Protein chains: 2
Amino acid sequence: MDNAVIPSVRAFNRFVAERIGAVSDTFLGRDRPYGESRILWEVGSDGTDIRELRTRLGLDSGYASRVLQSLERQGLVIVKPAAEDGRVRRVRLTGKGRAERATLDRRADAVAWKFLEPLTEEQRTRLVAAMADVHRLLTSSMVSIEAESPSTADARWCIDQYFQELNRRFDQGFDPALSIPADAHELVPPRGALLIARLRGSPVGCGAVKFHGRAPAELKRMWVSPDVRGLGVGRRLLVALERAAREAGARVVRLETNRTLKEAIHLYRTSGYREVGRFNDEPYAHHWFEKRLTAPQRPSRGSRPGRRSSRSTPTAPSARASRSSPPRARPAPGPRQRAPRT
Amino acid sequence: MDNAVIPSVRAFNRFVAERIGAVSDTFLGRDRPYGESRILWEVGSDGTDIRELRTRLGLDSGYASRVLQSLERQGLVIVKPAAEDGRVRRVRLTGKGRAERATLDRRADAVAWKFLEPLTEEQRTRLVAAMADVHRLLTSSMVSIEAESPSTADARWCIDQYFQELNRRFDQGFDPALSIPADAHELVPPRGALLIARLRGSPVGCGAVKFHGRAPAELKRMWVSPDVRGLGVGRRLLVALERAAREAGARVVRLETNRTLKEAIHLYRTSGYREVGRFNDEPYAHHWFEKRLTAPQRPSRGSRPGRRSSRSTPTAPSARASRSSPPRARPAPGPRQRAPRT
DNA sequence: ATAATTCTCTGACCAGAGTCAGAGAATGGA
DNA sequence: TCCATTCTCTGACTCTGGTCAGAGAATTAT
């Protein structure tokens, strides 16, 4: 399978890097270096602290300073010390800067339109749908899941979000004090674990497990940020929690949940959980589930990439001359291979 | 509709440029500048003329020369004059160069695998399918269609391909001499027109029309390269030919075709052509079609892009903090806007 | 009050990726 | 045969997009 999948991902990367790259070079009308446009854009209509701008874009302070000076010289931004802290400086767009930014925006629209214009209505719809799919799935593949102490700021933020969501969704609201607790000290090895899912460094989900030796482990605190729902993050958290439970000696995991949490219930059912009788007195629960864990299997999710793939492997159609090349002035076009941009 | 479509294309472009770009920088293990790797790759295992390499990559001769010298100094390639023409020089990979190229290949595989690894089997399948779709549709949008003299090398190449294909596919083969002719002089205004479809400069399809005043115009020489079939090129050629016929005064277009050309027949039927009785004595034809052209309507294919789209418009999920931001060390992450990479 | 830290700026420097103008060898056309 | 053309190389420059080491002003910690 990899023999087919990896090359097609590569072909896509190559193609898209070429196509989007070529076009986006053009789009910046070459009247301003890319770095300047980027910073101009990132300043945003409300202005920012330079400090924040720098960390957001990962810029060197000297570099940022100089680019901003250049923008200021062009009358596009104003830099002045922040009121609260004399060390940090604030950038704001001038009217001219705002206009310039709008121009960039319009040009970006025009570029997007160039992709769409030649297509029929139906093709456009399919293109947009496919783009959204690729976007979603690649985003999904950027989510990492790792154990973390429940006392970190991110962990506490996630759990707080979880509580807030329960409070919004449960018919009677949610008060953590009335629920079976899963305190910080219970979610650290060897008593338990807390997993945090992150996307680009920001927490986007969590899940916890309490170990009870060989007795069933308990799953707790499953939460996925609304921003990334539908990306399979919940399922991956679940799998990771089960693995942790298995490694801690559990043969069975169980959990309880509230009837309003439809997606969660669906996730459990489709992940091999079966509903069982009430096994604790969690007042907010309507359903109790458990799952027997299978032997410590190798995580079966497709093999590693093959030794090597063939050297040039287009998936989608291309202008590659397959039978005979079209005529051409001296320097023949021939079959084009593109650099391994990925 | 554009209000939804353009921003989502932009979001995709931005995302993909960021993601692929970030990754492909990494992949070149930073031990060799990108330009060198690219040329190393493009030399290919069989070697190339420098001249061809240059035109293929659009390189300045001085630049190419220096990069190749650097590669030669590293023992990765050998440059020597071509046998046939003492002016041109040929590059070939050495064993070491070949090994290096294989390393690039392997790294590219590993990068692709990074995208795939975190996904479930089902997600991978969907990702690959969506990528192929995007690839196909963007390729399709790169195809341009323009009128061209039938005497250009490209035009003659297309028509030759067309004849070859007919000869392969017709049960009795195909001999142009026995068929109703459409000679070069008939396919230039005001007697007719020849349209050529191109992808990245190379011809990938053609279609011709002969005008007969207000009498029905005749469509001829419809051919689409196998490389780009399924991309809607045929339909676009057809539309363009009909427009040309309309503009030349025709109210009706007609054409004849052979029963072995299934896709063509399907295209005609789904494009408003209806089968009519034999109207000429083309010996290779089994079907005769005609279509009444509608009034010179505005090419109705969706409106132009809106004045301007909103300033930051993600379509697919992102880590954007939607309700409250996750906690963060001093320099807050805040809602990230990315530069308008397109 | 003093020291440590944070933020920004300046100056110096660098590499990558080109561009441009010749110049010199081969080759092709008249 | 000779002139124009084609290909490649050299040398001299350029622009982006950085990095690095201080230095100076504000702020925070002790």
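Just so it is clear: chains get the letters A, B, ... in the order the sequence lines come, proteins before strands, and each one is counted from 1. All values derive from a computational prediction rather than experimental measurement.
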[N] [atom2] sits how many Å from [X] [atom1], rounded?
| X | N | atom1 | atom2 | result |
| --- | --- | --- | --- | --- |
| A:Glu84 | D:dT28 | CD | P | 11 Å |
| B:Leu57 | C:dT19 | CG | P | 12 Å |
| B:Asp60 | C:dG22 | CG | P | 15 Å |
| B:Leu71 | D:dC9 | CG | P | 13 Å |
| B:Asp49 | C:dT27 | CG | P | 13 Å |
| B:Arg89 | C:dA25 | CZ | C1' | 11 Å |
| A:Ile50 | D:dA25 | CD1 | P | 17 Å |
| B:Arg54 | D:dC9 | CZ | C1' | 11 Å |

Query raised in the report: At under 4.0 Å between heavy atoms, what does B:Gly62 touch on the DNA or RNA strands: base, sugar-phosphate, or nothing?
Result: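 B:Gly62: base contact, heavy atoms under 4.0 Å.
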Query raised in the report: Do you know the tightest heavy-atom contact between A:Ala197 and A:Val143?
Result: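 Heavy atoms only, the tightest pair is CB-CG1, 3.9 Å.
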**Report entry** Residue whose closest nucleotide on DNA chain D lies nearer the 5' end, A:Ala83 versus A:Leu59
**Finding:**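 Of the two residues, A:Leu59 wins.
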Starting the side chain at C-beta, find the nucleotide from [options] nearest to [X].
| X | options | answer |
| --- | --- | --- |
| B:Ser61 | C:dA17, C:dT8, D:dT8 | D:dT8 |
| B:Tyr63 | C:dT8, C:dA17, D:dG17 | C:dA17 |
| B:Pro33 | D:dT27, C:dA17, C:dT27 | C:dA17 |
| B:Arg66 | D:dT10, C:dC9, D:dG17 | D:dT10 |
| A:Arg87 | C:dT8, C:dC20, C:dT5 | C:dT5 |

**Report entry** From B:Ser45 atom OG to B:Arg101 atom CZ, the distance as rounded to the nearest 0.5 Å
**Finding:**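 One gets 5.0 Å once the value is rounded to the nearest 0.5 Å.
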Report task. Anything under 30° is parallel, anything over 60° is perpendicular, the rest tilted; go ahead and classify B:Phe15 against A:His135. Result ->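 It falls in the parallel class, under 30°.
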Strictly below 4.0 Å: does [X] bring a side-chain N or O up to OP1 or OP2 of [N]?
| X | N | answer |
| --- | --- | --- |
| A:Arg51 | C:dT8 | no |
| A:Arg38 | D:dG18 | yes |
| B:Gln69 | D:dT10 | yes |

Query raised in the report: Is the closest basic N to carboxylate O distance between B:Arg54 and B:Asp49 below 4.0 Å?
Result: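 A salt bridge is absent here (no side-chain N lies under 4.0 Å from a carboxylate O).
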Query - Main-chain N/O of A:Gln74 paired with A:Lys96 side-chain donor or acceptor, under 3.5 Å - result: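 Present.
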